[in-house]
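What you see is a predicted model, and the numbers here were worked out from it, not measured in a lab.
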Amino acid sequence: CRIPPKTRSTMVSKEEFDKAAEEVKAYAQCTNDEQLELYGWFKQANVGDINTARPGMLDFKGKAKWDAWEKCKGTSKEDAMAKYVEVVEKIKAKYA
């Protein structure tokens with residue numbers, strides 16, 4: 001999930017981020033991979049770097065979510081918000 005310096009997204013406001021978070025709820029047909037990518041960016045934008053231990057081996061859903069968030073580790077909250085909005089826009093275009 002790291003964003004190379006050359007492809008950094010433009011900054012987005014908290015209002016744009018919150019709006020995207022509401023809008024994406026209308027797209028229930030998202031794939032699991034899309035949902036996990038959104039989850040990782042959302043958690044990185046709101047919490048920052050992952051701060052919990054990886055779930056146990058029988059918690060498949062928990063591990064997938066943890067892995068998605070861990071991939072975003074090291075990304076600033078601002079860049080994570082921008083990436084989240086970017087992914088939401090791609091989903092809206094794909095399923096519109």
Side-chain angles (χ1 to χ4, degrees):
C1 284
R2 292 195 179 25
I3 303 172
K6 292 180 182 176
T7 60
R8 279 198 193 274
S9 303
T10 57
M11 297 299 252
V12 298
S13 68
K14 177 73 169 134
E15 290 77 24
E16 290 172 298
F17 175 77
D18 291 340
K19 182 180 179 216
E22 280 302 312
E23 288 175 347
V24 79
K25 292 177 183 177
Y27 297 91
Q29 68 272 41
C30 293
T31 66
N32 282 340
D33 287 342
E34 290 167 336
Q35 290 177 9
L36 287 170
E37 184 177 10
L38 285 170
Y39 177 84
W41 290 124
F42 186 86
K43 291 293 277 188
Q44 188 69 19
N46 284 294
V47 179
D49 286 345
I50 195 158
N51 55 6
T52 61
R54 191 167 192 254
M57 70 180 201
L58 296 179
D59 184 359
F60 300 111
K61 184 176 180 179
K63 284 193 311 186
K65 290 168 75 173
W66 190 94
D67 290 344
W69 185 10
E70 201 276 332
K71 286 178 185 176
C72 302
K73 188 176 181 178
T75 305
S76 72
K77 289 185 178 189
E78 293 80 14
D79 286 342
M81 283 196 312
K83 189 64 179 170
Y84 181 88
V85 170
E86 182 182 311
V87 173
V88 170
E89 291 301 319
K90 286 180 185 175
I91 288 170
K92 287 168 51 180
K94 180 178 178 181
Y95 297 108

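Checking side-chain atoms of D49 against main-chain N and O of K73 turns up no donor-acceptor pair under 3.5 Å. Without hydrogens or angle criteria, Q44 side chain to T75 main chain gives a donor-acceptor distance under 3.5 Å. Within the 3.5 Å criterion, the main-chain N or O of T52 finds a donor-acceptor partner in the side chain of W66.
Grouping the Ile, Leu, Val, Met, Phe, Trp and Tyr side chains by contacts below 4.5 angstrom, directly or via other members, places L36 apart from V47.
A pairwise comparison of heavy atoms in A45 and A80 identifies N-CB, 3.6 Å as the closest pair.
Between the CD atom of E86 and the CG atom of D79 there is a distance of 10.5 Å, given to the nearest 0.5 Å. Taken from CE in M11 to CD in E16, the straight-line distance is 11.0 Å, to the nearest 0.5 Å. Between the CE atom of M81 and the OG atom of S76 there is a distance of 8.5 Å, given to the nearest 0.5 Å. Atom CZ of F42 sits about 13.0 Å away from atom SG of C72, to the nearest 0.5 Å. Distance check, rounded to the nearest 0.5 Å: OH of Y27 to CD of E34 gives 12.0 Å. Here E70 contributes atom CD and K63 contributes atom NZ; the two are 14.0 Å apart, rounded to the nearest 0.5 Å.
With a 4.5 Å cut-off on side-chain heavy atoms, Y84 and V24 count as touching. A heavy-atom distance below 4.5 Å is found between the side chains of E23 and E89.
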Quick one, K92 with V88, criterion side chain to side chain contact (heavy atoms under 4.5 Å, CB included). Give me CA distance, side-chain angles, the key distance, then yes/no.
CA-CA 6 Å; K92 287 168 51 180; V88 170; 3.8 Å; yes
Chi angles and distances behind the salt bridge (Lys or Arg N to Asp or Glu O under 4.0 Å) call for K71, D67
CA-CA 6 Å; K71 286 178 185 176; D67 290 344; over 6 Å; no
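Salt bridge status for E22 with K19: absent, with no side-chain N to carboxylate O gap under 4.0 Å.
Under a cut-off of 6.0 angstrom, the local environment of CG in N51 is crowded, with over 12 non-hydrogen atoms contributed by other residues, nucleotides or ligands.
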